[in-house]
Amino acid sequence: MDWKKYLIIATSAFLIILLGIGAFLYSNSKPTAIADSTDATGNVSTENQSDQQNAEQTSANLSVTNNIQNNVSGEAKADIESSIKNEVDNQDADIQNSLTNSISDQAEVTLSNKLESLLNGTLTGSLNNSINNEVNGNGQTKIENNLINNIQLHVNVDVINDITTTGKEPSQEATDSSNENSSEEEQATNENNNSSEEKPVYIWGIDSASETTEEFYQCVNENFGNPKILARYLGHNEGVSAGLTSAQIDLIHENDADVLLIHNGFNDATGYDNGVNEAKEAIDLANELGTPDGVAIFADIEPTYPVDAAFIEGWYDEMNASNFEPGIYGVFDSGSELVNTFNQASKNKQEIKDNTFIWSASPSIGVTTEENAPDFDVDAPEGSLAYGWQYGIDAETCNIDTNLFNSKLTDVLWSP
C-alpha cells in the first residue's frame with residue numbers, strides 16, 4: 001500500500017474524533033442553564049409563602065371586654081374617675097366597654113366617666129359602649145360622661161353608644177360632655193353634647209297650730225287649696241298648739257298629704273345639754289306616735305328665743321344619733337341671730353350644715369291660695385338644705401300659714 005494513502009486515512013480519522021468530542025461538550029452545557037433557572041423560581045416561591053404567613057397573623061381576631069362598676073352608699077363622699085381606653089391597629093376586633101355607677105343613701109359623689117376607642121388601619125368588627133348611672137340617694141351627685149370614638153382609614157365597625165342616667169332625686173346633676181365618632185375617609189363627625197340639670201319641684205303646703213279635723217280640711221280646701229304637706233306639732237303645748245294624734249295623722253294621710261313634724265316644747269334655745277334634752281323629748285314624742293325611721297323633726301326656734309351655737313350642736317348630735325333626721329324651723333333672714341349661730345355651729349362641725357334640714361319663715365310676703373303661690377325664694381344660710389319656705393303667716397281664715405317645700409324634703413316626711 002502506498003504511504004500517501006495511509007496518511008489520508010489517519011488524517012480523516014483524527015478529524016472525525018475531534019468533531020465527536022466537540023458535539024459531546026456542546027450537548028452537556030444546556031443542563032447547567034436549566035439548573036440556574038430552577039433556583040430562581042424556588043426563591044420567588046419562598047417569598048410568597050412568607051407574605052401569606054404575615055397576613056394570617058395580622059388578621060387574627062381580637063375580643064375585648066372591659067367592665068367597671070362603682071357602688072357608693074351610706075354617707076360616703078367620693079370623687080371617682082373611671083377611664084377605659086382601647087387602641088387597635090390592623091386587627092379585627094369585637095370590643096365591649098361597660099361602666100356602671102350605683103349611688104344610694106346619703107352619699108355625695110362626683111363622677112367622671114371616660115370611654116375612648118382608637119381604631120386604625122384595616123379592620124372590621126364591633127364596638128359597644130355603655131355608661132349606666134343609677135342614682136337613688138339623697139346626696140348631691142355630679143356626673144360627667146365622656147365617650148370618644150376615633151375611627152380612621154379602612155375601618156368597617158358597627159358602633160353602639162349608650163349613656164343612661166336614672167335617679168329618683170332631682171338633686172342629681174348629669175352632664176354628657178362628649179360623644180364623638182370620626183372617620184378620616186368619610187370626613188364625618190357626630191357629636192352629642194348634652195348638659196342637663198333637673199330643676200326641683202316645689203309643693204304647696206300648710207302648717208297649723210289647730211287640731212286637724214274634717215271641718216279643718218273642708219275650710220282649707222274651700223278657701224286655699226289642697227295641701228300636699230301639712231306641718232303639725234308633737235305634743236300639746238297649752239295655749240300655743242294642739243298636739244298631733246294618731247287619728248289626725250290617719251286623716252292627713254287619707255287626704256294624700258305628708259306630715260311634717262315640729263317640736264315646740266321650749267322657749268330657750270341655748271346650751272348644749274338643753275339642745276340634747278329637747279331632742280330627747282322630741283324623739284320620745286315621735287316614738288309614741290309610731291313615727292317611721294328616717295323622718296325629720298324640726299326644732300321650732302322663734303325670733304324671740306335666745307339661741308346659741310351650743311344648743312344647735314346638742315340638738316343635732318342627739319337627733320343624728322337617733323332613728324330620725326335633724327331639722328330647724330326659724331326666721332333665717334340674712335344677718336339674724338339665728339343665721340349667725342347656725343353658721344357658727346356649722347363652722348364648729350361642718351356636718352351640721354350638710355345634714356340639717358332648714359325650714360325658713362323669711363321672707364314673709366303674705367298668705368296666698370295654692371294657685372297664687374309665689375316662686376320659691378327662701379332666705380337661709382348659704383349651702384344649707386333650705387327645703388322649706390313659710391312665705392305667709394296667720395291667715396284670718398282656718399288658722400294656717402302657707403308654705404312651699406322642695407320635693408326633696410318629702411324623703412324625710414311621714415308619707416301615707
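All of these numbers come straight from a predicted model, not from anything done at the bench.
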Would you say the side chain of [Y] lies within less than 4.5 Å of the side chain of [X], judging by non-hydrogen atoms?
X	Y	answer
V240	N264	yes
E325	V295	no
I358	L385	no
P381	F332	yes
D394	D401	yes
L260	L409	yes
I301	Y329	no
T356	F342	yes

**Prompt:** Would you call K353 and E351 a salt bridge, taking side-chain N to carboxylate O under 4.0 Å as the test?
**Reply:** no
**Prompt:** Should K280 and E278 count as an ion pair when the cut-off is N to O under 4.0 Å?
**Reply:**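 The answer is no: the pair does not qualify as a salt bridge.
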Short question: side chain of [X], backbone of [Y] - any donor-acceptor pair under 3.5 Å?
X	Y	result
R232	A242	yes
H253	W414	yes
E370	F224	no

**D375 atom CG, over 12 foreign heavy atoms within 6.0 Å** = no
**Request:** Any chance you could lay out the side-chain hydrogen bond (donor to acceptor under 3.5 Å, both in side chains) test for W359 and N403, step after step, and finish with the verdict?
**Result:** CA-CA 10 Å; W359 176 23; N403 300 262; 3.0 Å; yes
Any luck finding a side-chain donor-acceptor pair between [X] and [Y] under 3.5 Å?
X	Y	value
Q344	T341	no
Q350	D354	yes
E214	Q218	no
N343	S346	no

**Request:** Apply salt bridge (charged side-chain N to carboxylate O under 4.0 Å, His left out) to D333 and list each qualifying residue two or more places apart in sequence or on a separate chain.
**Result:** none
**Message:** Suppose we screen for salt bridge (charged side-chain N to carboxylate O under 4.0 Å, His left out). Which residues come up paired with K349, at least two apart in sequence or across chains?
**Reply:** D317
Please round to the nearest 0.5 Å and tell me the distance separating atom [atom1] of [X] and atom [atom2] of [Y].
X	Y	atom1	atom2	result
L289	D284	CG	CG	11.5 Å
C398	N223	SG	CG	4.5 Å
I262	D300	CD1	CG	6.5 Å
S208	N399	OG	CG	4.5 Å
W389	S362	CH2	OG	9.0 Å
N113	N129	CG	CG	12.0 Å

**Prompt:** Can you check side-chain hydrogen bond (donor to acceptor under 3.5 Å, both in side chains) on S82 and N70, steps first, answer last?
**Reply:** CA-CA 9 Å; S82 301; N70 300 306; 3.0 Å; yes
**Fill in**
By side-chain hydrogen bond (donor to acceptor under 3.5 Å, both in side chains), T397 pairs with (sequence neighbours left out) none
**Message:** Checking Y316 now: which residues fulfil ring-ring contact (aromatic ring centres under 6.0 Å, His included) with it, not counting sequence neighbours?
**Reply:** none
**Request:** Apply ring-ring contact (aromatic ring centres under 6.0 Å, His included) to F311 and list each qualifying residue two or more places apart in sequence or on a separate chain.
**Result:** F266
**Request:** Might you work through the side-chain hydrogen bond (donor to acceptor under 3.5 Å, both in side chains) test for N86 and E116, ending with a clear yes or no?
**Result:** CA-CA 6 Å; N86 303 295; E116 184 175 6; over 6 Å; no
**Message:** Does the plane of the ring in Y202 sit parallel, tilted or perpendicular to the ring in F376? Use 30° and 60° as the thresholds.
**Reply:** parallel
**Request:** Can you see which heavy atom on I297 is nearest to which on W315, and at what distance?
**Result:**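 That closest heavy-atom pairing would be O-CZ2, 3.4 Å.
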**Prompt:** How would you list all residue pairs meeting salt bridge (Lys or Arg N to Asp or Glu O under 4.0 Å) that involve residues 242-269, not counting sequence neighbours?
**Reply:** K228-D256
**Prompt:** Between I312 and I352, does a side-chain contact (heavy atoms from CB on, under 4.5 Å) hold up when you go through it step by step?
**Reply:** CA-CA 9 Å; I312 293 174; I352 291 177; 4.2 Å; yes
**Request:** Could you check N274 against V276 for side-chain contact (heavy atoms from CB on, under 4.5 Å), going step by step and ending with a plain yes or no?
**Result:** CA-CA 5 Å; N274 188 26; V276 170; over 6 Å; no
**Asked** What's the verdict on side-chain hydrogen bond (donor to acceptor under 3.5 Å, both in side chains) for D207 and Q390, showing C-alpha distance, side-chain angles and the deciding distance?
**Response** CA-CA 9 Å; D207 66 274; Q390 186 190 70; 3.0 Å; yes
**Item:** Criterion side-chain contact (heavy atoms from CB on, under 4.5 Å) on D379 and S334, from CA distance to verdict
**Value:** CA-CA 7 Å; D379 290 335; S334 179; 6.0 Å; no
